[in-house]
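Single-structure report; data block below.
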Amino acid sequence: MKNLWRLPIVMFIVAALMLFGAVDGIGQPSRTIDSLQNIVRNAERSNRADTSFVRTLNALARAYRFTNPDKATEYAQKAQVLAQTIADTIGETFALRNIGIFFMDKGFTEKAVEHLLRAVRLSEYIGDSSGIAKSLNALGLINQQKSQYALAGTYLRKALPIAVAIRDKELVSYIRNNLGLVLWKTQNYDSALVEFQYALSIQFALGDSAFASRAYHNIGLVSLDKRDTALAEEYFLRSANLSSAIGDQPGLMKAYYYLALLHLAHHRPSDARALATKAYQVATALGYRSEERYIAILLAECYAVENDYRTAYKFSSQAALLSDTLYNTESAKRIASLQAMYDTERKDFDIQRLEQARIIQNMEQSRATIIRNILIAGLVLLSIILGWGIHQYNLKQRSGNALEQKNTELLNANNEILRQQGILEHQAREIELSNAELTESNALLQHLHNEKNEFLGIAAHDLKNPLAHIILTTGTITRYFERMTDNDVQEQISTINAVAVRMTEIISNLLDVNVIERGALTLHPVHFDIVPNLRTIVEEYTSRAKEKDITLHTDMTTTTPFFVFADESATKQVLDNIISNAVKYSPLGKKVFIRVKADTEWIRVEVQDEGAGISAEEMTKLFGKFARLSARPTGGEYSTGLGLSIVKKMVEAMQGRVWCESEVGKGATFIVELPLSVSL
């Protein structure tokens, strides 16, 4: 009771934050942060743990969002822990939503989605319509940033009627604004402007000038895409002025960036450089590495236009360094995600195994009880029989009805024994089945463990050497640049490019396998002629084949089209892989034959090489993951052992077939059959 006087103050500050904050991000006045900090310090000194303290921590987290993202995350996580401790479900939902939004700001989309989905489930559990709508809105914004526009629209259209039903005009404006972003990204410019203007009108009616800075910025983006640069510049200026007034640093950074782009496009490089410099300083202060990278690229262009090539090179190098850092962060996130997936599955199997052990133990106890009861029943039955015999001996005779009754009792007792034996046999079979399932679960767990180790081993080992090569080469250029000729520099850059291409192939294969294994492979079959795509791929590999004195022969001189019904992008990847393998594993001076045939059901592509061939034993694991066969690339090329596995998965997903025909010493022929298009 002694802390109830603080509740009106907390609720007033939370209401103020809702006025200045938004799901897509609006700055907070510094005086609000100071007031909240004082409340937090007083609560921590008195060891207070109640719902009002949870609300204060959540409000302070939102206040720090655009000035100190790390502090924002720290306070939100404190709020979540405290809310769980005191069973404050509403406060926990608010904290999870905050954490998700902060992870979204930092670019950690997987963690953001995880926390926001938990917030949705908690809100549904307690029937909090406002919490459901706000979390769905944030999920829509994240998927819009990930270019998942269809999914973003689905989340936002679920959130909008809920916000309308609870008459939360402010939330309606945020959702309409985010719908405008989706429409803008899908080039529905006029519809996007309608949504932005509608959202802006609501916020003006509510007196929230803070939201207007983001709405102005969005209208500027649409105007820029519609090539109306004058209108775009006007709205970016409005956004910059409002963002500066309310302390919205991310909004100010974005406005400066786009204004700098417009100045550079209108041949005003000095003005562009000044604005880009301000944007770069804000991005650096906030720790927004992705934004810092593309602003550095813009600064490099500004200095290059002004003929200051030394400074331009400095910012270009900084952008490249930031790009590498962001890539390493993303790789670490993906590996951590794989590890978390494995740990979760292992935990589930452990729980299942413990539950099965408990069931088996209960069965054993039940079996022992039944056996004991059978023994007792047997002793009782034996006593009855013995007593009956003595009674018969003493009485010598008994009536026929009494004898028949005793026989019936004996028969029933015997039937009960048989029934109990049947129960024991049934339970024994169930125990055997449970043991078999437990063995299967353990085998699957070991398989997952082995695949995880294989995956992480490739990610760690196969990327380590290329990265070391790039670092060594760039270090050589840096140390000896003044003494190197242009040809020397060009040669070193070509080396870096070749190594980067190799890394890209490794990463692409790993990502493709991950997508296929997660069941996230989405194909879009269409009717198309396979011959132009095949010609393009053959032309791309002609020069590479010439380097090894290999000749590519095709029979595609005919003008007859070969129409298939398949996903065109996946088909290109499949054909590229098998032709690449033919060139990669063919000895110098050999030939590769590419043929296209058609029958009543299939379009067949055959790629035949004159390599060493494949043995019957190795043929069984040819299309497996991480396959490492005895054949080696003849020109020092690199192989991850994943390509043919990806080929098989993609071909089968398109209702096609793929196989290999080979004899040792006589080369190999890879055959791909895709469904013939019947609609053309």
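These numbers come from the heavy atoms of this one structure, side chains and all, not from hydrogens, waters or symmetry mates. Just so you know, these numbers come straight off a predicted model, no measurement behind them.
- A distance of 10.5 Å separates CD in Gln144 from CG in Leu179, rounded to the nearest 0.5 Å.
- Inspection of the Asn58 and Arg55 side chains reveals no N or O donor paired with an N or O acceptor under 3.5 Å.
- Considering only residues two or more places apart in sequence or on other chains, Tyr256 meets the ring pair (Phe, Tyr, Trp, His ring centres under 6.0 Å) condition with none of them.
- Under the 30°/60° scheme for interplanar angles, the aromatic rings of Tyr280 and Phe315 are found to stand perpendicular.
- Interatomic distance, CG of Asp308 versus CZ of Arg273, reported as 8.5 Å (0.5 Å rounding).
- Between Ser147 and Lys185, the closest side-chain pair of non-hydrogen atoms is not below 4.5 Å.
- The closest side-chain donor-acceptor pair between Asn218 and Trp184, if any, does not fall under 3.5 angstrom.
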* Met253 vs Gln249, side chain to side chain contact (heavy atoms under 4.5 Å, CB included): CA-CA, chis, key distance, verdict -> CA-CA 6 Å; Met253 172 192 68; Gln249 295 298 308; over 6 Å; no
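- When all heavy atoms of Leu252 and Ser243 are compared, the pair lying nearest together is N-CB, 3.6 Å.
- Under a 3.5 Å cut-off, the side chain of Asn177 and the backbone N or O of Ser173 do not form any donor-acceptor pair.
- The aromatic rings of His217 and Tyr258 sit perpendicular, their planes meeting at an angle over 60°, well past the 30° parallel limit.
- Enclosure of atom OH in Tyr198 is not indicated, since only 12 or fewer non-hydrogen atoms of other residues, nucleotides or ligands lie within 6.0 angstrom.
- Atom CG of Leu156 is separated from atom OH of Tyr149 by 13.0 Å, given to the nearest 0.5 angstrom.
- Remark: Leu224 CG to Tyr189 OH distance equals 9.5 Å, nearest 0.5 Å.
- The two residues Thr93 and Ala119 have their closest heavy-atom pair at CG2-O, 3.5 Å.
- Using modelled atom types, one side-chain atom of Ser46 and one backbone atom of Asn42 make a donor-acceptor pair closer than 3.5 Å.
- Counting heavy atoms from C-beta on, the side chains of Phe102 and Arg62 come closer than 4.5 Å.
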* Dump the intermediate steps for side chain to side chain contact (heavy atoms under 4.5 Å, CB included) on Gln197 and Leu200, then the final yes or no. => CA-CA 5 Å; Gln197 295 287 4; Leu200 195 58; 4.1 Å; yes
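- At a threshold of 4.5 Å between non-hydrogen side-chain atoms, the residues Leu181 and Leu141 count as touching.
- Residue Ala133 comes nearest to Ala159 through the heavy atom pair O-CB, 3.5 Å, listed as atom of the first residue, atom of the second, then distance.
- Residues Ala112 and Gly100 come closest through the heavy atom pair CB-O, 3.1 Å.
- Proximity of Leu116 to Arg97: side-chain heavy atoms (C-beta onward) are separated by under 4.5 Å at one or more points.
- Smallest separation of non-hydrogen atoms from Gly251 and Ser239: O-OG, 4.5 Å.
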* Step by step, work out the salt bridge (Lys or Arg N to Asp or Glu O under 4.0 Å) result for Glu233 and Arg268. => CA-CA 14 Å; Glu233 185 171 359; Arg268 298 193 293 268; 3.8 Å; yes
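- No more than 12 heavy atoms of other residues, nucleotides or ligands lie within 6.0 Å of NZ in Lys169, so this atom counts as exposed by the packing criterion.
- A donor-acceptor contact shorter than 3.5 Å is absent between the side chain of Ser135 and the backbone of Ile132.
- Summarising the geometry, atom CG belonging to Leu171 is positioned 8.5 Å from atom OH belonging to Tyr174; distances are rounded to the nearest 0.5 Å.
- Shortest non-hydrogen contact noted between Leu299 and Thr277 is CD2-OG1, 3.6 Å.
- No more than 12 heavy atoms of other residues, nucleotides or ligands lie within 6.0 Å of CZ in Arg167, so this atom counts as exposed by the packing criterion.
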* Derivation and outcome, side chain to side chain contact (heavy atoms under 4.5 Å, CB included), residues Asp88 and Glu92 -> CA-CA 6 Å; Asp88 178 10; Glu92 183 181 358; over 6 Å; no
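- Put simply, the side chain of Lys146 does not reach to within 4.5 Å of the side chain of Leu151, judged on heavy atoms.
- Using the six-membered ring where Trp is involved, Tyr64 and Tyr75 have ring planes that are parallel, under 30° apart on the 30 and 60° scheme.
- When side chains are defined from C-beta on, Pro69 counts as touching Tyr288, because their heavy atoms get closer than 4.5 Å.
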* To do: List the steps and the verdict of side chain to side chain contact (heavy atoms under 4.5 Å, CB included) for Asn98 and Phe94.
  => CA-CA 6 Å; Asn98 279 341; Phe94 194 3; 3.6 Å; yes
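- Environment of CD in Gln187: sparse, with no more than 12 heavy atoms of neighbouring residues, nucleotides or ligands closer than 6.0 Å.
- Looking only at side-chain heavy atoms (C-beta outward), Leu160 and Val164 come within less than 4.5 Å of each other.
- Rounding to the nearest 0.5 angstrom, the gap separating the CD atom in Glu195 from the CD1 atom in Ile175 is 11.0 Å.
- Under 3.5 Å, the side chains of Arg238 and Asn241 contain no donor-acceptor pair of N or O atoms.
- The side-chain heavy atoms of Thr311 and Glu306, taken from C-beta on, include no pair separated by under 4.5 Å.
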